[in-house]
Amino acid sequence: DEYGPLIIKSLSNSDFYTIDGQVYGCYTEKFTASFIQKLPDEFQPCLVQQQLDKQYELRVFYLDGQCFSMAIFSQNDQQTAVDFRRYNKQKPNRNVPYQLPDEVEQGIVKFMDAVGLNTGSIDIVKTKDTYVFLEVNPVGQFGMTSYPCNYNLEKHIAKWLIRQAENGRNNE
């Protein structure tokens, strides 16, 4: 009650499991009093945080100084409002290319340099007032951003890999 609406999420990978043909996954959930009452005495470590009042979510694929961003309008659907991965196949979320403000993009570049990553998928929530960094997945998928936004990331990655190989040969 003191911190307002809360959410709970797994600290580890959010894998999906199939048991008897039924798919189960680990999703971000609202952390309510009724949710707490249903918890067993022992459960996996998890993260509890304040729920953000999001305008939309951003998925940013980062490749060596470049940001390819997509806005996900998940908050307009009750099924995907807390976790966009609870896909609504009958009414999919709108996903569009997105231009980050320069200061946010520069912050991402500085962060990725500081942690020594040249690629990754970054999750950000845009609230009314600010951009909130959630996480970076160093081996994150790029297809979910490339396809709907026509970024052709496969081509960018291939060219980047060729440049890396050529630079390696030139340094021998």
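Rounding to the nearest 0.5 Å gives a distance of 11.5 Å between CD of Q66 and CH2 of W160. Taking CD of Q164 as the start and CG of D64 as the end, the distance is 6.0 Å to the nearest 0.5 Å. Atoms NE2 and CG, on H156 and L161 in that order, are 13.0 Å from each other to the nearest 0.5 Å. Atom CD1 of I72 and atom CZ of R94 lie 12.5 Å apart (nearest 0.5 Å). Interatomic distance, CZ of R59 versus CE of M70, reported as 7.0 Å (0.5 Å rounding). Here the straight-line distance linking atom CD1 of I122 with atom CG of L100 works out to 9.0 Å at 0.5 Å rounding.
Counting heavy atoms from C-beta on, the side chains of I108 and I124 come closer than 4.5 Å. In this structure, M112 and N118 have side chains that are not in contact, with every pair of non-hydrogen atoms separated by 4.5 Å or more. Residues D53 and T127 fail the side-chain proximity criterion, which asks for heavy atoms closer than 4.5 Å. Side-chain contact between T119 and I157: absent, with no pair of heavy atoms (C-beta onward) separated by less than 4.5 Å. The side-chain heavy atoms of F142 and L63, taken from C-beta on, include no pair separated by under 4.5 Å.
Heavy atoms of other residues, nucleotides or ligands lying less than 6.0 angstrom from CD of E103 number more than 12. By the neighbour-count criterion of 12 heavy atoms within 6.0 Å, atom CZ of F35 is densely surrounded, having more than that number from other residues, nucleotides or ligands.
In this structure a side-chain-to-backbone donor-acceptor pair under 3.5 Å is present from Y62 to G65. Panel note: side chain S121, backbone Q141; a donor-acceptor pair is recorded below 3.5 Å. Distance alone, capped at 3.5 Å, is enough to place a donor-acceptor pair between the Y151 side chain and the S69 backbone.
Using a 4.5 Å cut-off between side-chain heavy atoms of Ile, Leu, Val, Met, Phe, Trp and Tyr, with links allowed through other members, L47 and V132 fall into different hydrophobic clusters. A continuous path of Ile, Leu, Val, Met, Phe, Trp and Tyr side chains, each step under 4.5 Å between heavy atoms, connects F133 with Y98, placing both in one hydrophobic cluster. Clustering ILVMFWY residues whenever any of their side-chain heavy atoms sit less than 4.5 angstrom apart, transitively, puts L58 in the very cluster that holds F111. Cluster annotation: L6 is connected to I8 through the hydrophobic network of ILVMFWY side chains, with a link wherever side-chain heavy atoms come within less than 4.5 Å. A continuous path of hydrophobic side-chain contacts links V48 to L39 [ILVMFWY only; heavy atoms under 4.5 Å].
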Q.
Evaluate Y147 against N95 for side-chain contact (heavy atoms from CB on, under 4.5 Å), listing each step before the verdict.
A. CA-CA 10 Å; Y147 177 71; N95 301 319; over 6 Å; no

Q.
I'd like to know whether Q99 forms a side-chain contact (heavy atoms from CB on, under 4.5 Å) with E105, so could you lay out the CA-CA distance, the side-chain angles of the two residues, the decisive distance to 0.1 Å, and finally the verdict.
A. CA-CA 9 Å; Q99 181 60 54; E105 196 162 309; 3.5 Å; yes

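In terms of heavy-atom proximity, A71 sits nearest to Y56 at CB-CD1, 4.2 Å.
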